[in-house]
Amino acid sequence: MIVNADTLIILDFETTGLSPDMGDRAIEIGAVKIENGKITGRFQELMHPGRRVSGFIADYTGITNTMLEKAAPCEEVMHRFADFIQGYNLVAHNASFDKRFLDAELTRIGRGYDGEFSCSLLVARRIFQDAPSHKLGELINYTNIPSDGGFHRALFDSEMTTKLWLVMLEEMKSRYNLAYIPFPLILKLAKTPKKSVDTFLRRYQQG
DNA sequence: TGCCAGGCCCTCTTTAGGGCCTT
């Protein structure tokens, strides 16, 4: 049951690779809870995936095998994370990726979630159609959000995604003179053809 | 050690192919 449709969990996984179907596992989860546009909670934990991470992943994330040796196993961390997200809608940058890992890790422990997933990448492609790139880091630069550039850790990336999300909401509000943008509208926006986004939001604006 | 996937989106499209994005 959704507690509050406008309280969101914005999350980011670091993983051993790209595909849980190929045996990849989560190694870190970071998430931010936002209520009424304000951060009211955070979650970040490393987790031991039961295998070693490659040199590429250690370089990419800064998460080493030594760091993971001390971490709780995925199963234990994901129980805590399942509690954290219960009752809230979810957002991630390129959500199809994070959703695959969330679903895979929660299925392993017999847990689930009831929120709906929206994707800041799909929204950004519609709201900032002229951006040269829709990578998270590039969008942070494009929107002039201050950043020290320390990407690819789970909490940092979820904080940056949160800032981007809030900037996109403000951009929609000011561009279309809207007081409030409900989450279900964003779910529909993310599926609207790019060419039709302006028409879609103007229709909503007119009620 | 090196490799792997999948959804979205565009176009020289839909009987397909390739770039973008995520680790």
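By convention in this document, chain letters (A, B, ...) are assigned in the order of the sequence lines, proteins followed by strands, and residues within each chain are numbered from 1.
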Notebook entry, point to check: Any idea which of dC9(B), dT23(B), dA5(B) is nearest the R125(A) side chain?
Noted result: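 It is dC9(B).
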
Note to self: Counting only side-chain heavy atoms from C-beta out, which of dC10(B), dC4(B), dG7(B) sits nearest to S96(A)?
What the structure shows: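 The nucleotide sitting nearest to the side chain is dG7(B).
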
Check: Nearest nucleotide by nearest heavy atom, which residue falls closer to the 5' end of DNA chain B, D21(A) or L121(A)?
Finding: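 Result: D21(A).
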
In this structure, how many angstroms lie between the [atom2] atom of [N] and the [atom1] atom of [X], rounded?
X	N	atom1	atom2	answer
F151(A)	dT22(B)	CZ	P	10 Å
N94(A)	dC9(B)	CG	C1'	13 Å
R51(A)	dC4(B)	CZ	C1'	11 Å
D12(A)	dC21(B)	CG	C1'	12 Å
F97(A)	dC4(B)	CZ	P	15 Å
F128(A)	dC21(B)	CZ	P	15 Å
I27(A)	dT23(B)	CD1	C1'	8 Å
K135(A)	dC8(B)	NZ	C1'	17 Å

Note to self: Does dC21(B) have OP1 or OP2 under 4.0 Å away from a side-chain N or O of S133(A)?
What the structure shows: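 So the side chain of S133(A) is within the cut-off, an N or O lying under 4.0 Å from OP1 or OP2 of dC21(B).
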
Margin query: Less than 4.0 angstrom between a side-chain N/O of H134(A) and OP1 or OP2 of dC21(B), yes or no?
Written below: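 The answer is yes; a side-chain N or O of H134(A) sits under 4.0 Å from OP1 or OP2.
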
Euclidean distance for [atom1], [N] against [M] (whole angstrom):
N	M	atom1	answer
dT13(B)	dG17(B)	C1'	9 Å
dT14(B)	dC10(B)	C1'	13 Å
dG19(B)	dT15(B)	C1'	22 Å
dT1(B)	dC20(B)	C1'	28 Å
dG2(B)	dT22(B)	P	24 Å
dG18(B)	dC12(B)	C1'	12 Å
dT23(B)	dG6(B)	C1'	13 Å

Using a 4.0 Å heavy-atom cut-off across all strands, classify [X] as base, sugar-phosphate, or nothing.
X	answer
R126(A)	sugar-phosphate
F56(A)	base
S54(A)	nothing
D59(A)	nothing
T61(A)	sugar-phosphate

Check: Is it true that a side-chain atom of D98(A) and a backbone atom of F13(A) form a donor plus acceptor pair closer than 3.5 Å?
Finding: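 A pair under 3.5 Å: yes.
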
Next item on the list: Give a yes-or-no answer on whether the side chains of T40(A) and E35(A) include a donor-acceptor pair shorter than 3.5 Å.
Entry: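 There is such a pair (donor and acceptor under 3.5 Å, judged by atom type) between the side chains of T40(A) and E35(A).
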
Check: Using a distance-only test with no angle check, is there a side-chain donor-acceptor pair under 3.5 angstrom linking S19(A) and D24(A)?
Finding: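 No, no side-chain donor-acceptor contact under 3.5 Å.
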
Checklist line | Ring-ring centroid check F97(A) F101(A), cutoff 6.0 Å | finding: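 Yes, close enough.
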
Item checked: Parallel, tilted or perpendicular: ring planes of Y142(A) versus F128(A), cut at 30 and 60 degrees ->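 Correct class here is perpendicular.
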
Check: Any idea how F43(A) and F84(A) line up, ring-wise: parallel (<30°), tilted (30 to 60°), or perpendicular (>60°)?
Finding: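 Rings of F43(A) and F84(A): tilted, as their planes differ by 30° to 60°.
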
